[in-house]
Amino acid sequence: ESVYEEMMKCRISLNVYSYNILIRGFCAYDKMDRALLFLDEMEKNGCYPNVITFNTLLDAYCKLGMIDKALNLLQVMSTRELKPNLITYNTVINGLCREGYMDKTKDILVEMSNRGMNPDRVTYNTLVNGYCKEGNVHQALFLHDEMIRKGIPPNVVTYTALIDNMCKAGNLTRAMDIMGQMQERGLEPNEMTYTTLIDGFSKQGFLDNAFLFFRQMVEDGLQPSVTAYNSLINGYCLLGKIDKASELLQDMETAGLVPDLITYSTIIHGLCGTGDLDKAFELNERMVVKGILPD
RNA sequence: CCAAGAACUCAAUGGC
């Protein structure tokens with residue numbers, strides 16, 4: 001913001017790119033009001049918002065769960081003769097999926113088709129994930145098949161969404177099945193795929209398997225992320241093996257990762273579960289010292 | 001003056 005003021009003072013005029021970046025910044029901090037202010041500002045300065053500007057705002061509304069605002073904005077776009085593109089529609093579809101309005105996505109798909117736009121891989125992945133979250137595995141798998149039929153082969157994102165769904169449904173065998181299908185198609189699990197599996201097996205108490213995935217990930221040359229560690233830590237905590245969890249906390253720091261709020265609260269919660277309240281407070285202290293505030 | 005680069009969408013983790 002201060003840089004912006006500075007630039008205004010120096011009469012440096014911003015272009016659409018810089019405005020878009022600014023707007024995105026405010027959106028990321030849930031400052032929609034500020035973001036919209038810049039939308040006005042840019043127009044006053046004779047800089048016209050483009051599709052990307054609107055896509056950014058649309059996505060922000062969707063992520064905040066304000067799908068109605070997003071749909072309104074979509075209307076505004078057409079009154080301004082700004083043509084929505086595929087990303088616009090993908091963004092809105094994802095917003096609808098997040099809110100569980102799967103039936104509404106069909107309207108958007110029709111509108112897309114009326115405008116001569118075909119769903120791409122992101123559209124499909126968004127829908128596959130949406131149906132998975134709704135518990136409609138059937139439709140998710142149907143779309144997966146349709147992707148292949150239409151020559152838009154599923155990618156690792158598609159499969160990770162499906163694997164996650166199987167894991168969360170408690171069907172680990174099925175999850176591994178999907179993983180096998182993926183590899184048959186020449187796709188290799190990435191960091192997120194492994195994390196999904198680690199989380200799935202951890203939650204069912206199969207820590208040995210979870211740890212194997214963890215090792216496999218490293219063998220594949222992938223660096224386990226904070227999320228991967230967190231998933232495994234959670235698994236050990238669920239079994240009351242807080243010592244194991246604490247070891248992993250050390251490991252991640254050794255690996256140069258910065259444990260986050262989730263890491264600490266998972267272990268603190270675990271310590272509370274085993275009645276080690278003083279250790280829990282102690283860890284909370286350590287966390288605060290590291291500059292992470294409890295929420 | 002020319003060229004290059006820079007902005008938007010999909011999958012994973014704890015508690016409440």
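Just so we're on the same page: letters track the sequence lines, and every chain starts at 1.
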SG on A:Cys132 to CD1 on A:Ile163, rounded to 0.5 Å: 10.5 Å

Interatomic distance, A:Asn20 CG vs B:A7 C1' [rounded to whole Å]: 5 Å

Cationic tip of A:Arg149 above A:Phe142 ring, under 6.0 Å, 45° of axis: yes

Atom pair distance, as rounded to whole Å: OH in A:Tyr48 and C1' in B:A7: 20 Å

Whether A:Tyr229 and A:Phe214 hold their rings parallel, tilted or perpendicular, with breakpoints at 30° and 60°: perpendicular

Donor/acceptor link under 3.5 angstrom from A:Asn55 side chain onto base of B:A7: no

Rounded distance (Å) that lies between atom P of B:A4 and atom OH of A:Tyr17: 12 Å

Sugar-phosphate, base or nothing in reach of A:Asn85, heavy atoms under 4.0 Å: nothing

Spacing of A:Ile21 atom CD1 relative to B:G5 atom P, expressed in whole Å: 16 Å

Listed partners of A:Val218 passing side-chain contact (heavy atoms from CB on, under 4.5 Å), at least two apart: A:Pro224

Rounded distance in Å - CG (A:Leu74) to P (B:U9): 16 Å

Nucleic acid footprint by protein, nucleotides 10-16 of chain B - heavy-atom cut-off 4.0 Å, B for base, S for sugar-phosphate alone: BBBBBB-

No-hydrogen, no-angle side-chain donor-acceptor test under 3.5 Å, A:Ser246 and A:Asp243: no

Between B:C8 (P) and A:Leu22 (CG): distance, integer Å: 14 Å

N/O donor-acceptor pair under 3.5 Å between A:Glu99 side chain and A:Ile67 backbone: no

Rounded interatomic separation in angstrom, taking CG from A:Leu96 and C1' from B:U9: 13 Å

